[in-house]
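Have a look at the structure below, then the notes.
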Amino acid sequence: MQQIILAINAGSSSIKFQAFAERAGDLERRVVGLLEGICSQPRLIIRNGAGETLAEQIFAPETIASVEAAQEIVGDWLEGPSGSAAMGGPLIAIGHRVVHGGADFAGPVRIDDRVLARITALTPLAPLHQPKNLAPILAWQRRRPDLAQIACFDTAFHRGHGDLADRFAIPDALYREGVRRYGFHGLSYEYIAQLLPDLAPAVAQGRIIVAHLGNGCSLCALKVGRSIDSTMSFTALDGIPMGTRPGAIDPGVVLYLMREKGMDAASIEHFLYHQCGLKGLSGISNDVRVLEASSDPMARLALDHFVYRITKGIGALAAVLGGLDALVFTAGIGENAADVRRRIVDSSGWLGLAIDETANKARQFDISARLEGPRVLMIPTDEELMIARHTLRILATV
Ligand code: ADP
C-alpha cells in the first residue's frame, strides 16, 4: 500500500490541500481540495487526481469562522471514509507552506517544539499570514501527534541573495535584528526553476524573470536557476501592486496617515493589506476578471497602473540580471489573464520581448512571437507539489 503525503497551503481566507501517494520517489496526486471563503461564504470542493468531484459543500459563515475551524472540517473529511478511500493509503507526513522563515531557515525543516517556537517568533514579520500557517500545524499536532510535519518556507528560496539585494539602506543594527529584504512566493519560484531545465533547456541556465501574479504578486530574478532578487522584501507588502496591497509605497505616506489621519499601526496594517492595490485604486474589485468586464474608467486606470508598475519592476530586475533570456508568467492572473500578459509584454518590448497573440490566447507554454531573442512563457505553478517534494526529501533524510 502506498504511503500518503499531505500538502497544506493555508492562506488568509482559504485552505488549499492536496494528498499525494509516493511511488518510488515519484508523487501521484490523489486528492485536490480547496476550502475558500472562510468567515464569508465558506465553500469546500474536493476532487480526485483525475479531476472528478469527490465532495462539494457550502457552509453557513458562522460554522467556519476561522482557519482552525476550516482545518477541522478538512481533517474530518480526510480521515473519514471518503478521504481514506480517495487517498488509498496511510497518511505518513504533512508538509505546510509557511510564509516567513526569517534569516535562519534556508530550506524546509521537520517541525519540533524548537522549530515551532522559532516560526511563532517570526509572526511580527508576517502578522496576517504566519498565524494562518501555524493554525493547521497545531491542529494536526493535536489530531495526529504521530505524524511528521514539515515546514516549507516561502522565504527559503531567496536566502541566497547577495548582501546588496538583501539590505535596505538603513543602519546595520536593524539588518542584524532581521530587518532584511527576504522575498516571498519562493515555493512557486522554486517549482518553476525546477521545471525550466526540462521545458526550456536553452534558457534555463540564463537570466529569467518570473512574474507570480495571483492575489499576492511579485517578480523574481533567476540567474542559473537561483533567485538573485525579488520585488517583495521584508513583508509581503513590497514591490508591485496586488489585489488589495499597494506594493512599494513611499514610507512618507504611512507617516502622513499617522499624523494627518490619526491612524494607528493596526488600522494602517488593515489599510495596506486589504484596502489598496487593484481594489483600492479601482474602488470596485481586487479581481482582474471583474475589472476587465467593467466599463468604469477607474477599473481601466487600476489595470493600466498594474501593467505600468509590473513593467517598471521587470525593467529593474532586467537591469540587475544584466539582460533577459526569458519572462515567465504564473499564478491566477499570470496563467489566466491573456490581455494582462499581452500588455506587459508589449510595454516591455524594449527588452526584445514579443508575444504571439494566438498562442497567448490559447494558453500555450511558449507564447513568444519570435524564434530569436528572449522567450515569453506561461507555466502554471504548483506550490502544493513543491511542498510534497520537500516533505518527501526531509523524510528521507531523517
Ligand atoms: P492566490 O494568491 O490566492 O493563490 P491565485 O493565484 O489563485 O491567488 O490568483 C487569484 C487571482 O487570479 C484572482 O483574484 C483573479 O484576479 C485572477 N484570475 C483568476 N482567473 C482569472 C481569469 N480567467 N482572468 C483574469 N484573472 C483571473
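Start at 1 and go down the list; that is how both ligands and their atoms are numbered. What's counted below: heavy atoms across the whole structure, side chains too, no hydrogens, waters or symmetry copies.
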Can you find an N or O of [X] that's nearer than 3.5 Å to an N or O of ligand 1?
{"X": "E292", "value": "no"}
{"X": "V288", "value": "yes"}
{"X": "L213", "value": "no"}
{"X": "H212", "value": "no"}

* Structure fact -> side-chain contact (heavy atoms from CB on, under 4.5 Å) test vs K16 passes for just one of L35, V32, N9, I387, namely N9

* Structure fact -> Quick note on ligand 1: atoms under 4.0 Å from a heavy atom of I333 include exactly 12 (O), 16 (O), 17 (C)

* D287: numbered ligand 1 atoms lying under 4.0 Å from its heavy atoms ->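 Those atoms are 15 (C), 16 (O).
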
* Pick from N215, T330, L34: the one approaching atom 3 (O) of ligand 1 most closely through a non-hydrogen atom -> N215

* Asked: Looking only at side chains, do N360 and R341 share a donor and an acceptor under 3.5 Å apart?
  ->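 Yes.
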
* Q194-R389 side chain donor-acceptor pair, cut-off 3.5 Å -> yes

* Asked: At their closest point, which heavy atom of S368 faces which heavy atom of V376, and how far apart are they?
  ->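 It is OG-N, 2.8 Å.
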
* Could you tell me whether R159 and D104 have a side-chain N and a carboxylate O separated by less than 4.0 Å? =>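 Looking at R159 and D104, the cut-off is not met.
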
* **Ion pair D339/R342, N-O distance below 4.0 Å** => yes

Look at [atom] and say which protein heavy atom is nearest, naming residue and atom and giving the distance to 0.1 Å.
{"atom": "atom 6 (O) of ligand 1", "result": "G332 N, 2.9 Å"}
{"atom": "atom 4 (O) of ligand 1", "result": "K16 NZ, 2.7 Å"}
{"atom": "atom 24 (N) of ligand 1", "result": "R289 CG, 3.3 Å"}
{"atom": "atom 23 (N) of ligand 1", "result": "N336 CB, 3.4 Å"}

* Asked: Excluding sequence neighbours, so at least two apart, what forms ring pair (Phe, Tyr, Trp, His ring centres under 6.0 Å) with H96?
  ->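 Partners of H96 by the ring pair (Phe, Tyr, Trp, His ring centres under 6.0 Å) criterion come out as none, since no residue qualifies.
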
* Check the angle between the aromatic planes of H185 and Y189 and answer parallel, tilted or perpendicular using the 30° and 60° thresholds. =>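 Aromatic pair H185/Y189 classed perpendicular.
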
* Asked: With a 4.0 Å cut-off on heavy atoms, is G216 touching ligand 1?
  -> yes

